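Reading through the structure tokens given below for one structure.
Predicted model only: the values in this text are computed from it and were never measured.
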Amino acid sequence: MRKLLLKSQIVLMIVHVAVCVGRNSDKIRIEAPSAEAGRYKKLELLIEVERHYNNPFDPEEVDLVVMLKTPGGEQLTLPAFYCQDYERRKLNQGRERMNWYYPVGNGTWKARFAPMQTGSYFATARLKDKSGTIHSQSIQFECVSSSSKGFLRVSGKDPRFMEFSNGEPFFSIGQNLAFIGEGQYVTLSKAEEIFGKLAANGANFLRIWTGCHDWALAIEANKSAWDRSWSRRDIVVPLPGRENDQDARKCVKIGNKSVTVSPSHPVALQPNTHYTLTGRFMADGATGLRINRGRNNCQILFDSAGGKWQQFKKEFTTSENEFWLGQFTIGPVGFGTIWLDNLSLKETPDGSELLWEADVNRPVLGVYNQLDCFMLDELVEAAQNNGIYLMLCMLTRDLYMKHLTDESSGEYQQAIKYAKKFMRYAVARWGYSTSVASWEYFNEIDPGLPTDRFYAEVGDYLERIDIYHHLRATSTWHPSVKDCRHASLDIGQLHRYMRPGTDEEYKDEVAVVIDRAQFLRKHAPNKPALIAEFGLADTKWGLSDYMKQDTEGVNFHTSLWASAFADTSGTAMFWWWELLDQQDAYKHYRPLSAFLADVCFVGLRQTNATITNEQLRLLGYQGDDCAYIWISDSQTTWWNQIVEKKQPAPVADASIEIRGLRPGKYRLEWWDTYKGKTIRTEQVTCTQVSVQISVPSFSRDIAFKIRL
């Protein structure tokens, strides 16, 4: 695979010319894999940089950008990014099917661009660091038309909704798929499978976390081979003799018992490949260091140097079918204490670091976990291939929240600085994708924190560097009025779980949806608004047993339809993705998607229709010559059906009056909300005053479209 990649890079080298500004050894080259790119399609530019940096992710150390001249003469500045490429395979590990990720090369610089105008572009790489500024020579490529609709943005016709760059409206239908990782129910492969199922059933929107600490995908997080965020061990300590030095280098202290080296990502190896394990240790009492590796419990012994730091090195070759590092323990020989530092595993002679999670001195803020970044690359591409649009919850909340208590403090300013660096990297690496709908800064940050300045400054920064102007959002653990109203947040959102012990409203999903939609529209009247987490929960915020009992998805179905007509910009996004997958609940998206396929809510108002049967509820939109309305039986709540086991009774002899429509003859379509099909079509007449409609007999809920 790596040989093929090298050959591909040689073959695809269309243009690469370097201009030196400074010393002769300082060169950068920019290469385009193709002389042509489709409008809104990815063009990945390769940039060869001969300089090396301690932290290539830090734009204060190295600022690499691509300057673009558009067909219209506009100058754009596109941030470039440093990355580690990986090869991915799907292999067996024991009884499980696992994703195998192996580094290719030793890191490279890239820029990803989606041209937004057809015509000729010119691109020049510019690098700034402490040595000065150097430029590459310009390369040229052509942008041709494509079928892509472009990027999502706030509708120019009605700010309550979203639209694509080409003006086509977008209404989100989807859910959460927050935790993705090899230790989760949803692995990368499973996520790709779910993307396909969602797309096949008409869903188009997902919310994914990229800041899950060490339990799932996390770009900026303390991923450690020594412990976990939920079970920290006191084995990471300052170097011996520097215990009182706050800035001292850290090492791993191991007592009488061996410690398992357990990275959050299983470490992949190549079969029949030579590797070198290195590090240093110091012993107190123990006579040496013991390392046990692999299923065969192969022991590697190193003698102690008597209280002094001692380097160790061990080379080994993997077997024909050895693809994983497997069980790996380190401990003392005899009784005593071992201090371990600089543990490293690389392919011989100059491979990339495989035990990067064992580095206890690796910075957390401002350094981006490359394997997690590669996984997000794959997810974004899978979304693109399936017509799924992503709300990416970016920042690891707990790394920032503690620093945002006092906006006049230096810590607050540091949080802003690191957030800007993170978002610069995100824009550079994933901003090209039209499938990235929104950058969501945080999941459920404390709504009481003074975050206005944070969102204003980071938002202003994004305005300058994100040439695609992705939508910006955030969330809090209780609804936040100030965030809904914040000018630098483009989407208003809240989270709502129906839980016992709060109020009786939790038994009625339609009432809950209406209440939360009204809150959003009160405080975010002129921006897209979403109920971005939703579902049934127990008193401790866990998965409700009632939801497990609801195997037909009564609550799921009703909540989807209610939220689609309650004046939000998309459906309520359920949280319990594992259960939804196990119940194959995706089929509930299809009827709603079919109903909305030729519907546009832009410019419409909430309906003023009335119904004769007080047991029935109406939700919907209407304009001067159309209306789209959902009718539900208030007696068929999830509580009544799942808990009280009440069977839905047919509803008959109801009629509706709609006022405010233009006089004329209208086509009326009645829809089965479970099958997603028209069950009856008729013609009705609207007078100067109103139109009267007889509702056909139905059970649970029904919907209709009326158009002139």
query = Under the criterion salt bridge (charged side-chain N to carboxylate O under 4.0 Å, His left out), which of Arg516, Arg207, Arg496 is the partner of Glu533?
reply = Arg207
request  = Go through the steps to decide whether Tyr586 and Gln175 satisfy the test side chain to side chain donor-acceptor pair (under 3.5 Å), and finish with yes or no.
outcome  = CA-CA 10 Å; Tyr586 310 123; Gln175 62 180 66; 4.9 Å; no
ask   = Do NZ/NE/NH1/NH2 and the carboxylate oxygens of Lys190 and Glu578 come within less than 4.0 Å?
value = no
Ring centers of Tyr589, Phe556 separated by less than 6.0 Å = yes
inquiry  = Once side-chain hydrogen bond (donor to acceptor under 3.5 Å, both in side chains) is applied, do any residues pair with Asn201, and if so which ones, sequence neighbours excluded?
reply    = Arg590
request  = Decide if atom CD of Glu168 counts as having more than 12 heavy atoms of other residues, nucleotides or ligands within a radius under 6.0 Å.
outcome  = yes
ask   = Is there a side-chain contact (heavy atoms from CB on, under 4.5 Å) between Asp460 and Ser488 once you walk through the steps?
value = CA-CA 7 Å; Asp460 289 347; Ser488 294; 4.2 Å; yes
ask   = Looking only at atom types and distance, does a side-chain atom of Ser146 sit under 3.5 Å from a main-chain N or O of Arg39, one as donor and one as acceptor?
value = yes
inquiry  = Does any part of the side chain of Cys484, heavy atoms only, come nearer than 4.5 Å to the side chain of Leu520, both counted from C-beta?
reply    = yes
task = Could you tell me which non-hydrogen atom of Thr568 sits nearest to which non-hydrogen atom of Phe161, and how far apart they are?
result = O-CE2, 3.6 Å
ask   = How about Asp581 and Tyr185: does a side-chain donor come under 3.5 Å of a side-chain acceptor?
value = yes
ask   = Hey, is Glu552 close enough to Arg700 for a salt bridge, meaning N to O under 4.0 Å?
value = yes
ask   = Is Lys149 close enough and on-axis enough to Tyr40, meaning under 6.0 Å and within 45°, for cation-pi?
value = no
Gln606 and Arg521 side chains, donor-acceptor separation under 3.5 Å = no
key: Donor-acceptor contact present, side-chain Arg397 to main-chain Glu444, <3.5 Å   = yes
query = Is the Phe442 to Phe454 ring centre distance short of 6.0 Å?
reply = yes
query = What heavy-atom pair brings Thr474 and Glu440 nearest, and what distance separates the two atoms?
reply = CA-CG, 3.8 Å
ask   = Per the side-chain contact (heavy atoms from CB on, under 4.5 Å) rule, which among Asp625, Asp598, Leu668 passes with Arg707?
value = Asp598
ask   = Of all heavy-atom pairs between Ile658 and Ala627, which one has the smallest distance, and what is that distance?
value = CD1-CB, 4.3 Å
request  = Report yes if some heavy atom in the side chain of Trp670 is under 4.5 Å from a heavy atom in the side chain of Ile702; otherwise report no.
outcome  = yes
task = Please say which of Phe151, Phe171, Phe164 ends up in a ring-ring contact (aromatic ring centres under 6.0 Å, His included) with Tyr389.
result = Phe164
request  = Just jot down the side-chain hydrogen bond (donor to acceptor under 3.5 Å, both in side chains) partners of Trp430, sequence neighbours excluded, or say none.
outcome  = Asp377
CA sep, side-chain torsions, deciding dist, call: Trp561, Phe595, ring pair (Phe, Tyr, Trp, His ring centres under 6.0 Å) = CA-CA 10 Å; Trp561 281 84; Phe595 182 91; 5.7 Å; yes
task = Give the ring-plane orientation class for Phe81 versus Tyr425, where under 30° counts as parallel, over 60° as perpendicular and anything between as tilted.
result = perpendicular
note = Closest non-hydrogen atoms of Ala473 and Ile491, given as atom of the first, atom of the second and distance, are CB-CB, 4.0 Å
query = Does any N or O in the side chain of Arg112 come within less than 3.5 Å of the main-chain N or O of Gly431, such that one atom is a donor and the other an acceptor?
reply = no
query = Donor-acceptor pair, Trp576 side chain versus Lys548 backbone, under 3.5 Å?
reply = no
Ring geometry between Tyr497 and Trp541 (parallel below 30°, tilted from 30 to 60°, perpendicular above 60°) = perpendicular
message = Applying side-chain contact (heavy atoms from CB on, under 4.5 Å) to His470 and Val427, what does each step give before you reach the verdict?
response = CA-CA 9 Å; His470 291 84; Val427 167; 5.9 Å; no
message = Set out, in order, the CA-CA distance, both residues' side-chain angles and the distance that settles side-chain contact (heavy atoms from CB on, under 4.5 Å) for Leu78 and Tyr432, then state yes or no.
response = CA-CA 10 Å; Leu78 179 74; Tyr432 76 90; over 6 Å; no
Sub-4.5 Å side-chain heavy-atom contact between Asp633 and Leu616 = yes
Heavy-atom closest pair, residues Glu182 and Leu188 = OE2-N, 3.9 Å
task = May I ask you to check whether over 12 heavy atoms, not counting those of Lys522, lie within 6.0 Å of atom NZ?
result = no
Short side-chain to backbone donor-acceptor contact, Tyr546 and Trp639, under 3.5 Å = no
request  = Search all heavy atoms of Leu530 against all heavy atoms of Ser172 and return the closest pair with its distance.
outcome  = CD2-OG, 3.5 Å
task = Determine, stepwise, if the pair Lys527 / Val154 fulfils side-chain contact (heavy atoms from CB on, under 4.5 Å).
result = CA-CA 7 Å; Lys527 62 174 66 175; Val154 176; 5.8 Å; no
ask   = How about Tyr674 and Phe698: are their ring centroids closer than 6.0 Å?
value = no
inquiry  = Using the ring-ring contact (aromatic ring centres under 6.0 Å, His included) definition, which of the options Phe534, Phe195, Trp209, Phe179 pairs with Trp577?
reply    = Phe179
ask   = Distance only, no hydrogens: is a donor on one side chain within 3.5 Å (strictly under) of an acceptor on the other, for Thr678 and Lys705?
value = no
query = Are Gln384 and Thr434 close enough that a side-chain donor and a side-chain acceptor fall under 3.5 Å?
reply = yes
inquiry  = Check Asp624 with Arg605, please: is the shortest side-chain N to carboxylate O separation under 4.0 Å?
reply    = yes
